[in-house]
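These notes are about the structure you will find just below.
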Amino acid sequence: MFKASIYEKRRSQLTKKIDSGLLLFLGNEESSMNYTDNVYPFRQDSNFLYFFGIDQPHLAAIIDVDEQKTILFGDDFSIEMVVWMGPHPTIAELGKKVGVQHTAPYGELVDYLKKAGSAARDIHFLPPYRPENKIKLHEWLDIPLAALNDQASVPFIKGVVALAGIKSPEEIEEIEKAVDISGLMHISAMKSTQSGIKESQLAGIVEGIAIAAGGRLAYPAIVTVNGQTLHNHYHGNTLKKGQLVLGDFGAETTMHYAGDITRTFPVDATFTQQQKEIYSIVLDAQMKAIEAIKPGVPYLDIHLLASTIIAKGLIALGIMKGDADAAVAAGAHALFFPHGLGHMMGLDVHDMEDLGEQHVGYTESQSRSEQFGLNALRLARPLEPGFVLTVEPGIYFIPELIDSWEAEGRFTDYINYPKLKEYRTFGGVRIEDNILVTESGYRVLGQPIPKTIEEIEALRK
Ligand code: GLY
Ligand code: MN
């Protein structure tokens with residue numbers, strides 16, 4: 001937890017952005033896995049963490065904008081709860097830690113909301129994503145479940161995005177801790193890799209490091225020889241000579257800030273010539289994209305820069321053909337790079353994604369492209385100092401997508417389908433780092449993690 005004044009300042013800055021009414025914050029509840037008492041690891045809601053910092057279930061808060069009053073709602077532990085879960089600070093003590101003077105039992109929250117509802121006051125809430133909180137809002141505010149997201153408060157969403165999008169020095173320090181733990185996880189995976197072991201052995205090693213550091217994974221680990229499947233969480237394959245391992249995993253610190261790093265490396269001690277050629281294109285795209293980061297530059301432009309470098313590289317190998325700029329404008333490169341260049345990162349690995357990607361990643365004047373590939377770009381808006389984001393280009397050979405495009409005769413001016421047959425079982429390469437936008441440019445967060453072919457081969461030996 002940060003010191004109380006940090007949470008007080010965040011709440012006061014948010015309150016200034018809202019004309020009137022109540023701001024309702026719902027913390028998360030425990031979430032059951034297979035029966036009520038067997039729960040997933042508890043994860044507090046990131047907005048609740050950002051404004052109230054308290055990392056325990058069954059809490060809520062109201063900022064009454066008109067009365068300039070903040071109230072934390074929660075229940076003190078009964079003696080039965082102490083028997084099962086140990087002693088706990090009271091809600092009043094927790095409130096004090098984050099600068100909240102007024103606290104009340106959880107049950108009183110409903111009365112407060114009903115009273116505000118009867119007086120026709122605005123009750124601002126954020127888009128709920130957990131079923132428990134959806135049901136609460138539905139019952140308390142009498143809003144159909146399906147309408148909750150549409151009725152979430154746009155001024156509240158915009159207020160949170162404006163504040164939480166710009167990371168403060170103490171947040172950057174936390175993110176950098178997460179990146180450094182993530183780096184150790186990647187180095188360990190690269191060192192532990194050998195043919196004959198299972199992907200799950202590497203997955204266990206990296207998750208163990210995240211837990212040993214006091215936190216856990218920031219998202220389910222991708223550790224796969226099938227890197228062409230973008231979010232591949234299957235870990236049952238045995239590593240074989242000649243394959244590439246794509247590892248996309250990161251740690252979440254004890255304060256719940258995320259790291260999100262990807263490295264791709266050979267099962268053998270060295271890359272094959274074909275692997276080197278594809279890897280070098282992705283690395284070039286990633287490094288040039290990072291170098292292009294500075295305030296004012298739309299991230300959309302940097303995504304297109306990386307896409308053009310990828311198209312040029314594939315043209316040089318004879319896999320694509322024609323003019324790279326025209327191929328990217330048409331979207332032909334998305335056969336190989338079907339996702340966005342990156343996303344914001346902070347308390348969530350895809351930061352604030354619960355608030356809606358349009359509000360987080362796009363300005364009001366930017367509409368999201370419907371073109372395949374570009375439609376997956378989560379961040380397009382002009383960059384600002386204090387943004388923390390990922391840069392993660394990739395090249396993938398997805399047999400099913402190749403077959404489908406070839407059967408449709410798509411982009412035959414730009415794609416050399418006969419040549420592509422040589423790469424059918426290649427897999428995928430992605431390289432990802434976490435970057436802070438500074439006043440003058442960028443800073444790659446954390447200690448360097450082996451990334452060039454030479455660095456990775458040195459580690460693999
Ligand atoms: N690390 C997974 C993703 O960014 O989607
Ligand atoms: Mn990422």
Side-chain angles (χ1 to χ4, degrees), residues 43 46 129 165 167 175-176 178-183 185-186 189 199 202-203 206-207 209-210 215-224 226-235 245-253 256-265 282-283 285-287 289-290 293 299-300 302-303 306-307 310 334 337-357 360-361 368 373-381 383 387-396 398 427-437 442 444-446 449 451:
R43 177 55 157 83
S46 295
Y129 55 91
K167 271 62 185 180
I175 296 172
E176 205 147 26
V179 177
D180 280 337
I181 301 162
S182 308
M185 290 155 65
H186 278 272
E199 295 163 335
L202 296 180
V206 304
E207 184 157 1
I209 296 170
R216 57 174 175 253
L217 292 176
Y219 53 96
I222 299 168
V223 194
T224 179
N226 287 316
Q228 77 281 4
T229 301
L230 299 181
H231 279 175
N232 191 343
H233 298 129
Y234 177 72
H235 296 147
V245 179
L246 187 151
D248 178 346
F249 43 81
E252 179 172 298
T253 62
H256 300 292
Y257 283 86
D260 181 3
I261 301 288
T262 305
R263 290 292 183 268
T264 309
F265 54 89
V282 179
L283 184 60
Q286 203 243 11
M287 305 229 299
I290 292 173
I293 288 176
Y299 204 54
L300 170 64
I302 304 183
H303 170 86
S307 302
I310 286 171
F337 178 33
H339 61 76
L341 183 63
H343 49 85
M344 298 264 225
M345 218 186 73
L347 276 167
D348 306 299
V349 62
H350 288 187
D351 208 26
M352 302 175 279
E353 203 161 293
D354 59 313
L355 304 178
E357 281 174 44
V360 177
R368 195 156 170 153
L374 203 47
N375 61 1
L377 180 62
R378 293 185 153 95
L379 176 61
R381 63 197 265 205
L383 301 177
F387 281 11
V388 172
L389 47 89
T390 69
V391 180
E392 48 178 313
I395 294 180
Y396 313 90
I398 308 167
V429 171
R430 177 165 64 252
I431 307 170
E432 175 177 28
D433 285 304
N434 305 147
I435 316 294
L436 168 70
V437 183
Y442 67 90
V444 181
L445 293 176
I449 306 162
K451 181 160 85 164

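Just so it is clear, the values below take in all heavy atoms, side chains as well, and ignore hydrogens, waters and symmetry mates. Read the numbers this way: they start at 1 and go in the same order the structure lists the ligands and their atoms. Residue numbers start at 1 and run along the sequence shown.
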- Task: Kindly confirm or rule out an N or O of R378 lying under 3.5 angstrom from an N or O of ligand 1.
- Result: no
- Rounded distance [0.5 Å steps], CG in L445 versus CG in N434: 6.5 Å
- Hey, what's the ring geometry for F249 with H186, parallel, tilted or perpendicular (30° and 60° as the breaks)? parallel
- When you measure from the Mn ion (ligand 2) to each N, O or S atom of E432, which atom gives the shortest distance? OE2
- Going by heavy atoms in the side chains, are H343 and V349 under 4.5 Å from each other? yes
- Message: Please report whether the ring centroid of H231 lies less than 6.0 Å from that of Y219.
- Response: no
- Looking at Y219, which atoms of ligand 1 are within less than 4.0 Å of one of its heavy atoms? 1 (N)
- Enter the distance from R430:CZ to I222:CD1 here, rounded to the nearest 0.5 Å. 5.0 Å
- closest protein heavy atom to atom 2 (C) of ligand 1 is D248 OD2, 3.5 Å
- Message: Would you say that V388 contacts D351 through its side chain, given a criterion of any heavy-atom pair below 4.5 Å between the two side chains?
- Response: no
- Query: Counting each atom of ligand 1 from 1 as listed, which ones have a heavy atom of E392 under 4.0 Å away?
  - Reply: 4 (O)
- Note on the structure: For H343, the N, O or S atom at the shortest distance from the Mn ion (ligand 2) is NE2
- In ligand 1, the atoms that come under 4.0 Å of a heavy atom of H343 are 4 (O)
- Query: Considering only heavy atoms of D260, which atoms of ligand 1 have at least one such atom less than 4.0 Å away?
  - Reply: 1 (N), 4 (O)
- Message: Test side chain to side chain contact (heavy atoms under 4.5 Å, CB included) on I261 and K451; report intermediate values, then the result.
- Response: CA-CA 11 Å; I261 301 288; K451 181 160 85 164; over 6 Å; no
- Quick one: look up the protein heavy atom nearest atom 3 (C) of ligand 1 and list residue, atom name and how far away it is. H350 NE2, 3.1 Å
- Query: So which of the N, O or S atoms of E392 lies nearest the Mn ion (ligand 2)?
  - Reply: OE2
- Query: Relative to the Mn ion (ligand 2), which of the N, O or S atoms in D260 is the closest?
  - Reply: OD2
- Message: Assess the residue pair D260 and T390 against the criterion (side-chain hydrogen bond (donor to acceptor under 3.5 Å, both in side chains)); give the C-alpha distance rounded to whole Å, side-chain angles, the decisive distance to 0.1 Å, and a yes or no.
- Response: CA-CA 7 Å; D260 181 3; T390 69; 4.9 Å; no
